[in-house]
Amino acid sequence: MSETRIRMAIQKSGRLNQRSVSLLEKCGIDFPWRQNMLLNRCRDFPLDLMLVRDDDIPEYVRTGVCDIGIVGQNVLEEKLSGHGHGEAPAEVAVLRELGFGHCRLSIAVPKDRDYGGLETLNGTRIATSYPVILGRFLRASDVSVDIVELSGSVEIAPALKVADAICDLVSSGSTLQSNGLEEVETILTSQAVLIRARNGAPSATEEIIDRLSRRIDGVLRAGKSKYIMMNAPASRVDDICEILPGMESPSVVPLVGQRDRVAIHAVAPEDVFWDTMDRLKAAGAASILVVPIEKIIA
Ligand code: ATP
Ligand code: ZN
């Protein structure tokens, strides 16, 4: 019998590609990286990677061409909203939010335009690559505009007099800034997500999807966590543990030759900020080390 393998779609090149590949690498999934090959067979894990345009990923997953995929929530909603009856597409499930590819879909108007709220957009032309999401938002707000669909360089539409305003992805806002535009409404916030078709798959496939999801959880949890170590007077252990918020019970280890001092080790579920370090020091901690964690398996 042939070995069961799953097929995963990720962006071939662009903003999500590197982070998707690096997530898989951190999961211990190694593949011969050939960008111009459609399918890359991974070693050591029953996964074949399909490298495609991000716009096609929701449809590949919906139709079962791929079992899972990594795509921005913005693209997922734009491409599949029509298949469901609410905000989330009906046939594709989001398995995990992946914590990268953060952006927002926003309406922006020329800086010199007096913006007095959504209703002042009535009767204007808005250029966007997201006509589905924008249309739904405006209908819900009872605003009627002429949506001009463009596939790229949306930000230059007002200067070209193709539209009065735009609706586009923003992360830092510098593109809007340099085109003389001002962000006035955010209609969606987005990040990269791991998706799969809702239909159950054969149990061997389900088992591989579960195994991969667990590895991804381990990487995501580790990505946010830090391991913190310090030496401190034994008498201050309680004070120090109080400063370490939300951590599992720290380990307190004796120090050779120092009866009144101990080492304290703990896993912090989030980054340890300078402010916490200062408070630890004030409580008597010394030689404080904060190190990244590679994997956590609960
Ligand atoms: P493709 O060739 O695969 O169609 P693309 O040009 O449509 O690529 P990219 O610009 O690479 O797409 O963006 C991919 C995704 O990255 C977006 O759909 C979005 O989810 C995310 N993203 C994060 N920040 C931004 C940003 N500032 N602008 C655009 N997309 C962003
Ligand atoms: Zn695209």
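Keep in mind that what you see is a predicted model, and the values were worked out from it rather than measured. Remember, it's 1-based here, ligands and their atoms both numbered in the order they're listed.
A 6.0 Å sphere centred on CZ of R125 holds more than 12 heavy atoms belonging to other residues, nucleotides or ligands. No more than 12 heavy atoms of other residues, nucleotides or ligands shown are found within 6.0 angstrom of NZ on K224. In this structure, R43 places its CZ atom where more than 12 heavy-atom neighbours from other residues, nucleotides or ligands lie under 6.0 Å away. Other residues, nucleotides and ligands contribute at most 12 non-hydrogen atoms within 6.0 Å of the CD atom of Q18. For E25, the CD atom sits in a packed shell: over 12 heavy atoms of surrounding residues, nucleotides or ligands are nearer than 6.0 Å.
Listed by number with element, the atoms of ligand 1 under 4.0 angstrom from any heavy atom of G14 are 11 (O). Under a 4.0 Å criterion applied to the non-hydrogen atoms of V75, ligand 1 contributes the atoms 18 (O). Interface of L16 with ligand 1, defined as ligand atoms under 4.0 Å from a residue heavy atom, comprises 15 (C), 16 (O). Short contacts between ligand 1 and G101, defined as distances under 4.0 Å to a heavy atom of the residue, involve ligand atoms 23 (C). Close approach to D55 involves these atoms of ligand 1, each under 4.0 Å from a residue heavy atom: 4 (O), 7 (O). Residue contact check: G72 has heavy atoms under 4.0 Å from atoms 20 (O) of ligand 1.
Of all protein heavy atoms, the one closest to atom 27 (N) of ligand 1 is S171 OG, 2.7 Å. C103 CB, 3.4 Å is the protein heavy atom nearest to atom 24 (N) of ligand 1. For atom 30 (N) of ligand 1, the nearest protein heavy atom (residue, atom name, distance) is L169 CD1, 3.2 Å. The nearest protein atom to atom 2 (O) of ligand 1, hydrogens excluded, is given as R53 NE, 3.5 Å; this is a heavy-atom distance. Nearest to atom 14 (C) of ligand 1 among the protein's heavy atoms is D54 OD2, 3.4 Å. Distance from atom 18 (O) of ligand 1 to its nearest protein heavy atom, with residue and atom name: N74 ND2, 2.9 Å.
The atom name of the N/O/S atom in D55 closest to the Zn ion (ligand 2) is OD1. Nearest to the Zn ion (ligand 2), among the N, O or S atoms that D54 has, is OD1.
Within 4.0 Å of atom 6 (O) of ligand 1, not a single protein heavy atom is present.
Checked by atom type, the side-chain pair T175/E155 shows no donor-acceptor distance below 3.5 Å. In this structure, a donor-acceptor pair under 3.5 Å is absent between the side chains of D164 and T124. Residues E185 and Y115 have side chains that bring a donor and an acceptor to within less than 3.5 angstrom of each other.
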Worksheet entry | Worked check of salt bridge (charged side-chain N to carboxylate O under 4.0 Å, His left out) between R62 and E91 | CA-CA 6 Å; R62 186 183 76 81; E91 293 152 284; 3.1 Å; yes

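Ionic pairing of E77 and R136 is present here: one or more N-O contacts between side-chain nitrogen and carboxylate oxygen are shorter than 4.0 angstrom.
With a 4.0 Å heavy-atom cut-off, ligand 1 is reached by the backbone of H102 but not by any atom from C-beta on.
A heavy-atom distance below 4.5 Å is not found between the side chains of L49 and L39.
Taking all heavy atoms of Q73, Q11, R104, R15 into account, the minimum distance to atom 12 (O) of ligand 1 is reached by Q11.
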